[in-house]
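Heads up: the structure comes next, in structure tokens.
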Amino acid sequence: MAELPDLEVFSRILNRRYSGKTLEKIDVEVAGKLNVTAKKLKESLEGHQLSEVKRSGKTLQFHFGRDRILGLHLMLRGELVALGEKPPKFPVLIFHFKGGKGFAVTDMQKQATPTLGPPVNEVPDALELDYPVLKKLLEGKKTTIKTLLMDQKKVRGIGNSYGDEILYHAGISPFSIAGKIPDEYVKKLHKSIHSVLETAIKKIEKENGDELTGELRDFMQVHSAKLKQTPKGEEILSEKIGGRTSYYTKSQELFH
DNA sequence: GAAAATGTTGATTG
DNA sequence: CCAATCAACATTTT
């Protein structure tokens, strides 16, 4: 969980289910990563109406009015679950809305990070990245394109799996030096970022329907430990880049 | 039972 | 100063 397309779909579902409802109570089960005290969070949000849920990069933002915004990063293992009969496993935060419904943020690793009053982030979101900005981002950079795409200080929202999918789609090797990629391929990369992410959003939205749960990655073309071949029959290679496994094929062009 | 797993941060090394 | 690597976080899945 927790790359841009999943979060985009979650934000839409959360909006449909909870926007307009008043937060009756919020339980803070794990306060370790919270930037304020549990008491302060409760004082700030309880009794207020959820106006909107937004996605920003790999974070969600719950708007309870001006100056009452809760940011949330799910990190590696964070999940969102609707409250049911059983109490959620590994709860971090539990939102109870008036009328009895609610959801929980869970994380077995306790790394999910809620932030009251998240600072405005100037780094472009992957879905808002236009071609001239991307071109400028790559110019003169000596780092590999895979590392750069995953760098949240440069573009927000792309992680290890979609990074591989995007580069496969664009026909660029993840080991290519960012600054050495010709314009023609930077254009392809720009198109691939949008089309891979938007296609994923549509597929996840279709599968998930109105359910909060689920982690759909069936449509991955290269980034999967199970796959040996792409749908086109190309052999999938894997190698670590920056401590994380990258999946790619020989058909992706290497610029260096 | 070992290894890897969608992310980030801070320390460290070149 | 920039780039790259690694460990740490806690648990499940392969």
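In what follows, every chain begins at residue 1, and chains take the letters A, B, ... in the order their sequences are listed. As the structure is a computational prediction, the values presented were derived from the model and not from experiment.
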Map every base of DNA chain B to its dot-bracket character, where paired means a Watson-Crick or G-U wobble contact with both distances under 3.5 Å and | marks a partner outside the strand.
.||||.||||||||
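Donor-acceptor pairing under 3.5 Å is lacking for the side chains of A:Y168 and A:Q252. A:H73 and A:T113 share no side-chain donor-acceptor pair at under 3.5 Å. Between A:K146 and A:S246, the side chains place a donor N or O and an acceptor N or O closer than 3.5 Å (distance only, hydrogens not considered). Between the side chains of A:S161 and A:E3, at least one donor-acceptor pair of N or O atoms lies under 3.5 Å. For the residue pair A:E234/A:S251, the side-chain donor-acceptor check at 3.5 Å is satisfied.
Counting non-hydrogen atoms of other residues, nucleotides and ligands closer than 6.0 Å to CG of A:D67 gives a total of 12 or fewer.
Remark: A:T245 is in phosphate contact with B:dA5, judged by side-chain N or O atoms under 4.0 Å from OP1 or OP2. Between A:K142 and C:dC2 there is no side-chain polar atom (N or O) within less than 4.0 angstrom of OP1 or OP2. Between C:dA4 and A:T143, a contact under 4.0 Å exists linking OP1 or OP2 to a side-chain N or O. Contact annotation: A:K58 reaches the phosphate of B:dT8 (side-chain N/O to OP1 or OP2, under 4.0 Å). In this structure, A:H73 does not reach the B:dG7 phosphate: none of its side-chain N or O atoms is under 4.0 Å from OP1 or OP2. At least one side-chain nitrogen or oxygen of A:Q152 sits closer than 4.0 Å to the OP1 or OP2 atom of B:dT8.
Following rounding to the nearest Å, A:N35 (CG) and B:dT8 (P) show an atom-to-atom distance of 17 Å. For the pair A:K89 NZ and C:dT12 C1', the computed distance is 9 Å after rounding to whole Å. One interatomic measurement links the two molecules: CG of A:D6 to C1' of B:dG7, which rounds to 13 Å at whole-angstrom precision. Between the CG atom of A:L74 and the P atom of C:dA10 there is a distance of 18 Å, rounded to whole Å. If you measure from atom NZ of A:K110 to atom P of C:dA8, you get 18 Å, rounded to the nearest angstrom. One atom, CE of A:M150, and another, P of B:dG7, lie 7 Å apart when rounded to the nearest Å. In this structure, A:M75 places its CE atom 19 Å from P of C:dT12, rounding to the nearest Å. In this entry the distance linking CD of A:E3 with C1' of B:dG7 reads 9 Å, nearest Å.
Distance check on atom P: C:dC1 versus B:dT8 gives 24 Å, rounded to whole Å.
Of the candidate nucleotides B:dG7, B:dA5, C:dT11, C:dT11 has the atom lying nearest to any side-chain atom of A:M108. Considering only side-chain atoms of A:K153, the nucleotide from B:dA5, C:dA10, B:dT9 that sits closest is B:dT9.
Comparing A:Q111 and A:T147 by the nucleotide of DNA chain C whose heavy atom lies nearest to each, the residue mapping closer to the 5' end is A:T147. For the pair A:G140 and A:K226, nearest-nucleotide mapping onto DNA chain C gives the more 5' position to A:G140.
Backbone-only engagement by A:Y247 is indicated by non-hydrogen atom pairs under 4.0 Å involving sugar-phosphate atoms exclusively. No engagement by A:G243 is indicated, since no non-hydrogen atom pair under 4.0 Å with the nucleic acid exists.
At least one donor-acceptor pair closer than 3.5 Å links the side chain of A:E165 to the backbone N or O of A:H223. Using modelled atom types, one side-chain atom of A:T199 and one backbone atom of A:S195 make a donor-acceptor pair closer than 3.5 Å.
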